[in-house]
Amino acid sequence: MSETEGTTEPQPIDFIREKINADNASGKFGQRVQTRFPPEPNGYLHIGHAKSICLNFGIAGDYDGVCKLRFDDTNPEAEDQSFVDGIIEDIAWLGFEPDDIVYASDYFDQLYDWAESLIERGLAYVDDQNAETISENRGGFTTPGVDSPWRDRSSEENLALFRGMRDGEFADGEKVLRAKIDMNHENMQMRDPVLYRIRRVHHQRTGDSWIIFPTYDWAHGQSDAIEAVTHSICTLEFDSHRPLYDWCLEHLELPHEQPEQTEFARLNLTHTVTSKRKLRQLVDDGVMSGWDDALMPTLRGVRRRGYPAAAIRAFMSHIGVAKTNSTHDIELLESFIRTELNRTALRRMAVLRPLKVVITNWPEGQEDEREAINNPEDESAGTRMVPFGRELWIEQDDFKLDPPPKYFRLTPGREVRLRAGYFITAQDAVTDDDGNVVEVHCTYDPETAGGQAPDGRKVKSTIHWVSAAHAIDATVHLYDRLFTEPHPGADGSDPMASLNPDARETLTGAKLEPILSEVTPGQVVQFERLGYFAADLDDPAVFHRTVGLRDEWANIQKRRQK
RNA sequence: UGGCCGGUAGUUCAAUUGGCAGAACGCCUGGUUUUGGUCCAGGAGGUCGCAGGUUCGAUCCCUGCCCGGCCAGCCA
């Protein structure tokens, strides 16, 4: 098990690690710590899974233990090899290396044998009732269940029937194997849960050799036990399954100490959804271009978006682990993204909404190169040369004919600094018939090369720019919240109703400084003053805004509106 | 409706066996700054879900209540 370095902070110990410490102190598992990450390969991993991954692999790392990746492939209906491959890739990207990659289907023989042993001891029976009847007879929260008429078959008969199920003597759904526990149990999970069902569906690993498949409850704890897992960590909704988890294991001869299930609260984030089912719907409905759309909260999506794996790990470590149902502000995640990227991202200049600036006292045809710092947070990142000329692109927002209060940028008669360039003063502006500014005429002060005035005069603002003669064109995607509601569907409404129609804004005329032609796919750079942008994985002339910079000016404007 | 799990700043989490309620993010103010970024300093923000009880003393223990989540798939 290995974990790459990331930004971490001192972390108060969580209740799970406390429990492990207690187990180590009592010698319950002989100081051994083993966890597992057990996804079903029926979709790609999302940011919620990252919490579980960080927890399980993180604990194994902390305690010098073991953590395997186990695919819970007990239901071939929605499962697929492409998801297996994708999940393996995503975990590696997040920065974790499983000690082994295993499959619940590896244990089908053992699981089957254990089921027979249960039957032999009168602890399981074959039920001929159909799904609907079983459901009806399970009873309700306040009403007892009704025993199946087949509940008291002899062991011999059950054994023959179960083998018949395995050997194809019955149709899908005709019979199931059930544990014989208590149809009047206050916990619904204990009312004779189904252990095996017949499904003539091709399985991506076992092919057609099995037509009966164990349910989650018959597979999960046993898989843990076979692998020698000590701490089986899962999300809160499995809480009511724990008595069944224990029941199964207590009635079997286990090769190791009996593992212990502990539940924690899954991760929810505002303005998005972390549910495979809903994410699949977004893909199937064509709202998203795929599971790897930069707007998707999937690991593949946030990777395209430019979220660094180290930042995700730091976030998970920060939010901790508890049993409180919680929804974190997406802004908190974004602050971790910024912290990481501020340290690591190269600074570049790019103009998203270009406005032409002509330096009227700069000689026609003369070119210059300015030296710019690549990352003020990291001296070793060095400097680069940026071409400069008579005609430049600046951001439309950086010039106002009629400036609002506290506006520090370019406006007629005011002097500002071009980053790494010169001081310029706006003289006049050309407007079109509608009064929109289409070109600004400025003069520059040759004494201010590099951005400092020899006479010590100050300037209130520094703006970014790109030489028009050297600019390269790019397409830039800007992103907003996926859902307008902080908690989509929380009031019982359809979550899709609050999908943000303006979540993606695509700008096709962006102008980049020439060195940006050298970015590698997926590389994240800071466009100075604008935010962090990731070069697309497939087309590096396309950029995705990972996250914006904190924007004091936006706050000032917001306050003024109130 | 029964059972289980939760409820501490706006949000998420802490508080060493009952002893002056803390942190991060966000927000506000000031300083630094060739990014209105970063960084630094400071500030506002809490009836510890509610009501009783035990105690010198309760966020913590007890009782009752309220609110939220999960559970009645041959999904996981």
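Note on naming: letters A, B, ... go to the chains in the order of the sequence lines (proteins, then strands), and numbering restarts at 1 for each one.
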Report task. Give the rounded distance in Å between these two atoms: CZ of A:Phe15 and P of B:C60. Result -> 21 Å

**Report entry** NZ/NE/NH1/NH2 to OD/OE distance under 4.0 Å, A:Glu331 and A:Arg481
**Finding:** yes

Report task. Answer yes or no as to whether B:C71 has its base stacked against A:Phe141, where stacking requires a ring-centre separation under 5.5 angstrom and planes under 30 degrees apart. Result -> yes

Requested in this report: Name the nucleic acid region contacted by A:Lys276, choosing base, sugar-phosphate or nothing; use a 4.0 angstrom heavy-atom cut-off, strictly under.
Outcome: nothing

Query raised in the report: What is the nucleic acid contact for A:Glu174, judged by heavy atoms within less than 4.0 Å: base, sugar-phosphate only, or nothing?
Result: nothing

Report task. Compare the aromatic ring of A:Phe408 with the six-membered base ring of B:G36 and state whether they stack according to the 5.5 Å and 30° rule. Result -> yes

Query raised in the report: Closest to the A:Arg138 side chain: B:G6, B:G36, B:C74?
Result: B:C74

Query raised in the report: Could you give the CG-to-P distance, from A:Leu269 to B:C13, as a whole number of Å?
Result: 12 Å

Query raised in the report: With a 4.0 Å cut-off on heavy atoms, is A:Arg409 in touch with a base, just the backbone sugar-phosphate, or nothing at all?
Result: base

Query raised in the report: Are the charged groups of A:Glu395 and A:Arg529 less than 4.0 angstrom apart, N to O?
Result: no

Query - Salt-bridge present (A:Arg70, A:Asp106; N to O < 4.0 Å) - result: no

Requested in this report: Measure from the side chain of A:Ala322, starting at C-beta and using heavy atoms only, and say which of B:G2, B:G6, B:C13 lies closest.
Outcome: B:C13

Query - Any residue meeting ring pair (Phe, Tyr, Trp, His ring centres under 6.0 Å) with A:Phe388, in chain and number order, not counting sequence neighbours - result: A:Trp362, A:Tyr422, A:Trp465

Query raised in the report: Among side-chain atoms of A:Asp217 and A:Thr215, is any donor-acceptor pair under 3.5 angstrom?
Result: no

Query - Any strand: nucleotide that pairs with B:C20 via Watson-Crick or wobble, under 3.5 Å - result: none

Query raised in the report: NA contact type, A:Tyr532, heavy-atom cut-off 4.0 Å: base, sugar-phosphate, or nothing?
Result: nothing

Query raised in the report: Taking CD from A:Glu552 and C1' from B:G26, how many angstroms apart are they, rounded to a whole number?
Result: 13 Å

Query - Base paired to B:G36 (Watson-Crick or G-U; both N/O distances under 3.5 angstrom) - result: none

Query raised in the report: Reckon A:Asp72 touches a base, only the sugar-phosphate, or nothing at all at heavy-atom distances under 4.0 Å?
Result: sugar-phosphate

Report task. Select base, sugar-phosphate, or nothing to describe what A:Pro376 touches, counting heavy atoms under 4.0 Å on all strands. Result -> base

Report task. Looking at every strand, decide which applies to A:Thr74 at a 4.0 Å heavy-atom threshold: base, sugar-phosphate, or nothing. Result -> sugar-phosphate

Query raised in the report: Which nucleotide sits closest to the side chain of A:Thr142: B:U35, B:G2, B:G6?
Result: B:G2

Query raised in the report: Taking the side chain of A:Asp329 as its heavy atoms from C-beta onward, which of B:U1, B:C5, B:U11 lies nearest to it?
Result: B:U11

Query raised in the report: So what does A:Gln526 hit on the nucleic acid, given a heavy-atom distance under 4.0 Å: a base, only sugar-phosphate, or nothing?
Result: base

Query - Glycosidic class, syn or anti, of B:G73 using a 90° window around 0 - result: syn

Query raised in the report: At under 4.0 Å between heavy atoms, what does A:Gln189 touch on the DNA or RNA strands: base, sugar-phosphate, or nothing?
Result: sugar-phosphate

Report task. Would you classify A:Leu332 as touching base, sugar-phosphate or nothing, given that sugar-phosphate means primed atoms plus P, OP1 and OP2, and contacts are heavy atoms under 4.0 Å? Result -> sugar-phosphate

Query raised in the report: How long is the line joining CD of A:Gln261 and C1' of B:C5, in whole Å?
Result: 13 Å

Requested in this report: Measure distances between side-chain N and O atoms of A:His241 and base N and O atoms of B:A76, and say whether any donor-acceptor pair falls under 3.5 Å.
Outcome: yes

Query raised in the report: Within the structure shown, what part of the strands sits under 4.0 Å from A:Arg550 by heavy-atom distance: base, sugar-phosphate, or nothing?
Result: sugar-phosphate

Requested in this report: Return yes if a side-chain donor-acceptor contact under 3.5 Å exists between A:Gln129 and A:Asn137, otherwise no.
Outcome: yes

Report task. Give A:Ser461 one of three labels, base, sugar-phosphate or nothing, depending on what nucleic acid heavy atoms sit under 4.0 Å from its own. Result -> nothing

Report summary line: Rounded to whole Å, CG of A:Asn325 lies from P of B:G6 at a distance of 10 Å

Query - Side chain of A:Arg559 - closest among B:C5, B:G36, B:C28 - result: B:C28

Report task. Pick base, sugar-phosphate or nothing for A:Leu195, based on heavy-atom distances below 4.0 Å to the nucleic acid. Result -> nothing

Requested in this report: Please report, rounded to the nearest Å, how far the C1' atom of B:C5 is from the CD atom of A:Glu263.
Outcome: 9 Å

Report task. May I ask you to say what A:Phe238 touches in the nucleic acid, namely base, sugar-phosphate or nothing, with a heavy-atom cut-off under 4.0 Å? Result -> base

Query raised in the report: Under 4.0 Å between a Lys/Arg side-chain N and an Asp/Glu carboxylate O for A:Glu263 and A:Lys19?
Result: no

Query raised in the report: Considering heavy-atom distances to RNA chain B, does A:Glu40 or A:Asp239 have its closest nucleotide positioned more toward the 5' end?
Result: A:Asp239

Query raised in the report: Considering only side-chain heavy atoms of A:His318, which listed nucleotide, B:G2, B:C75, B:A24, is closest?
Result: B:A24

Report task. Find the partner of B:G64: check Watson-Crick (N1-N3 plus N6-O4 or O6-N4) and G-U wobble (N1-O2, O6-N3) distances, both under 3.5 Å, and reply none if neither fits. Result -> B:C50

Query raised in the report: Does a side-chain N or O from A:Arg343 land closer than 4.0 Å to OP1 or OP2 of B:G37, or not?
Result: no

Report task. Write down the distance between CZ (A:Arg266) and C1' (B:G68), rounded to a whole number of angstrom. Result -> 16 Å

Query - Euclidean distance for C1', B:U55 against B:C60 (whole angstrom) - result: 13 Å

Requested in this report: Name the residue closer to the 5' end of RNA chain B, choosing between A:Asp128 and A:Glu186 according to the nucleotide with the nearest heavy atom.
Outcome: A:Glu186

Report task. Inspect the contact between A:Glu513 and A:Arg348 and indicate whether a charged nitrogen and a carboxylate oxygen are less than 4.0 angstrom apart. Result -> no

Query raised in the report: Under the 5.5 Å and 30° test, is A:Tyr216 stacked on the base of B:A76?
Result: no

Query - Separation of B:G36 P from A:Ile463 CD1 (nearest whole Å) - result: 10 Å

**Report entry** Strand partner of B:G42, provided both Watson-Crick or wobble distances fall under 3.5 Å
**Finding:** B:C28

